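Some notes on the structure that comes next.
Please read these numbers as outputs of a predicted model, since none were measured by experiment. Nothing fancy with the numbering, it's 1 onward along the sequence.
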Amino acid sequence: MNYLEVLMAVEVNIGRLVADVQALNENWDNRSESGASYGETDAALEAAAQRAQELLDAFEGIQPSAQGTIPLEHQTAAAAVILMADTATEMLDGLRSTDTGQARRSALVGFLTAFEIFEEAITRVAEIIGDEGTEALERSRTENRVPTIREGTTTTTTEPAATTTTAPATETDPENPGNTKNCSDFATQAEAQEWFDTYFPLYGDVALLDTNNNGVACERLP
């Protein structure tokens, strides 16, 4: 039971991280409605990746009970925490990449899947202990509101719909680039502004570079 109590405390902390990561990704994917900016999301995901690494460091210091198959379940839980730390970093790298979100979303799926594996390992530890263990785990998850993975989160997430065309395009106009750019793709604000000014009159802010709608793209760039 002492070992299970340690695992339950870890699960609470990891659960809070999972809830934050899900919210961060949802806000970014729906940034046209949420108003989430690239800079804020980048900083928050970087902090989340650091939290995941700290949780991994703490978990590595936990010694499992030798009862039954608990050491095997501990190995499974440890592997899941390692995967969560790795995929948290991959999410951040995906946000900073030039793709349209595939890498970040793929990392999110891996992150949430690892959390499910971690939860399952703890559930089996509680079952090995018996009724006292399963009751304690259920009580902890209820009282601490340990999240469950939201249906559909580990499958597909759609990009926000492109802004409607603000002016009719002609054969000589550039094609709608879609949501293919982040502020991290530009070295300077002037470079981002040039891209923005090229497409905004025809298609609106399709890449959501101007999150406060003041006509200035990627204001935090030098």
Original post:
Is there a side-chain contact between W195 and P177, using heavy atoms and a 4.5 Å cut-off?
Top reply: yes
Original post:
Between CZ of F115 and CD1 of I14, what distance do you get to the nearest 0.5 Å?
Top reply: 7.5 Å
**OP:** Would you list the pairs meeting ring-ring contact (aromatic ring centres under 6.0 Å, His included) in which at least one residue belongs to residues 72-110, sequence neighbours left out?
**Re:** Y3-H74, F59-H74
**OP:** With side-chain contact (heavy atoms from CB on, under 4.5 Å) as the test, would you mind laying out the steps for T76 and F118 before giving the verdict?
**Re:** CA-CA 7 Å; T76 301; F118 180 80; over 6 Å; no
**OP:** Check side chain to side chain donor-acceptor pair (under 3.5 Å) between S34 and all other residues, then give those that pass, not counting sequence neighbours.
**Re:** none
Original post:
Of all residues at least two apart in sequence or in a different chain, which pass the side-chain contact (heavy atoms from CB on, under 4.5 Å) check with D20?
Top reply: R51
Subject >> Evaluation steps, side chain to side chain donor-acceptor pair (under 3.5 Å), between E26 and N30 >> reply: CA-CA 6 Å; E26 288 178 2; N30 298 284; over 6 Å; no
Original post:
Can you find a heavy atom in the side chain of R139 that is under 4.5 Å from one in the side chain of T142?
Top reply: no
**OP:** Applying side-chain contact (heavy atoms from CB on, under 4.5 Å), run through E138 and E135 and close with a yes or a no.
**Re:** CA-CA 5 Å; E138 181 178 352; E135 290 171 4; 5.7 Å; no
Subject >> Partners meeting salt bridge (charged side-chain N to carboxylate O under 4.0 Å, His left out) with D197 (sequence neighbours left out) >> reply: none
Subject >> Which residues share a side chain to side chain donor-acceptor pair (under 3.5 Å) with E40, sequence neighbours left out >> reply: S37
Original post:
What residues, two or more places apart in sequence or in another chain, satisfy salt bridge (charged side-chain N to carboxylate O under 4.0 Å, His left out) together with E5?
Top reply: none
**OP:** Determine, step by step, whether F186 and E194 satisfy the side-chain contact (heavy atoms from CB on, under 4.5 Å) criterion, reporting the C-alpha distance in whole Å, the side-chain angles of both residues, the deciding distance to 0.1 Å, and the verdict.
**Re:** CA-CA 10 Å; F186 305 100; E194 181 180 0; over 6 Å; no
Original post:
Are D42 and R220 within salt-bridge range, i.e. N to O under 4.0 Å?
Top reply: no
Original post:
Taking only residues two or more places apart in sequence, or in another chain, which ones meet R141 in a salt bridge (charged side-chain N to carboxylate O under 4.0 Å, His left out)?
Top reply: E11
Subject >> Test item: L4 and M8 side chains (from C-beta on) under 4.5 Å apart, heavy atoms >> reply: yes
Subject >> Contacts of type side-chain contact (heavy atoms from CB on, under 4.5 Å), residue A48, not counting sequence neighbours >> reply: L17, V21
Subject >> E73 side, atom CD; T69 side, atom OG1 - distance, nearest 0.5 Å >> reply: 5.0 Å
**OP:** Give a yes-or-no answer on whether the side chains of Q193 and Q189 include a donor-acceptor pair shorter than 3.5 Å.
**Re:** yes
**OP:** For the residue pair I122 and V10, establish whether any side-chain heavy-atom pair is separated by less than 4.5 Å.
**Re:** no
Original post:
For A136, does its backbone N or O pair with a side-chain atom of S140 as donor and acceptor, under 3.5 Å?
Top reply: no
Original post:
Taking C-beta and beyond as the side chain, do W28 and N182 meet within less than 4.5 Å on heavy atoms?
Top reply: yes
**OP:** Drop me the distance from E219's CD to L209's CG, to the nearest 0.5 angstrom.
**Re:** 11.5 Å
**OP:** Using only heavy-atom distances, determine whether the side chains of N179 and R31 contain a donor-acceptor pair under 3.5 Å.
**Re:** yes
Under 3.5 Å, side-chain donor or acceptor atoms of residues 79-95 against the rest of the protein: list the pairs with distances, not counting sequence neighbours.
unit_1	atom_1	unit_2	atom_2	d
T87	OG1	L83	O	2.8
T87	OG1	M84	O	3.2
T89	OG1	A85	O	3.3

**OP:** May I have the step-by-step check of side-chain contact (heavy atoms from CB on, under 4.5 Å) for I62 and V6, ending in yes or no?
**Re:** CA-CA 8 Å; I62 298 173; V6 172; 3.6 Å; yes
Subject >> Rounded distance (nearest 0.5 Å) linking atom CD1 of I128 with atom CD1 of I70 >> reply: 5.0 Å
Subject >> S184: side chain to side chain donor-acceptor pair (under 3.5 Å) partners, not counting sequence neighbours >> reply: Y38
**OP:** Verify salt bridge (Lys or Arg N to Asp or Glu O under 4.0 Å) between D29 and R104, making sure each step is shown before the conclusion.
**Re:** CA-CA 10 Å; D29 281 324; R104 174 180 54 81; 2.6 Å; yes
**OP:** Look up atom CG in L137 and atom CD in E132, then write down how far apart they are to the nearest 0.5 Å.
**Re:** 12.5 Å
**OP:** Answer yes or no: does atom CD of E175 have more than 12 heavy-atom neighbours from other residues, nucleotides or ligands under 6.0 Å?
**Re:** no
Original post:
Which residues satisfy the side-chain contact (heavy atoms from CB on, under 4.5 Å) test with R145, sequence neighbours excluded?
Top reply: none
**OP:** Write down the atom of L24, the atom of A44, and the distance for their closest heavy-atom approach.
**Re:** CD2-CB, 3.2 Å
Original post:
Taking only residues two or more places apart in sequence, or in another chain, which ones meet T41 in a side chain to side chain donor-acceptor pair (under 3.5 Å)?
Top reply: none
Original post:
From Q50 CD over to L55 CG, what is the distance, rounded to the nearest 0.5 angstrom?
Top reply: 10.0 Å
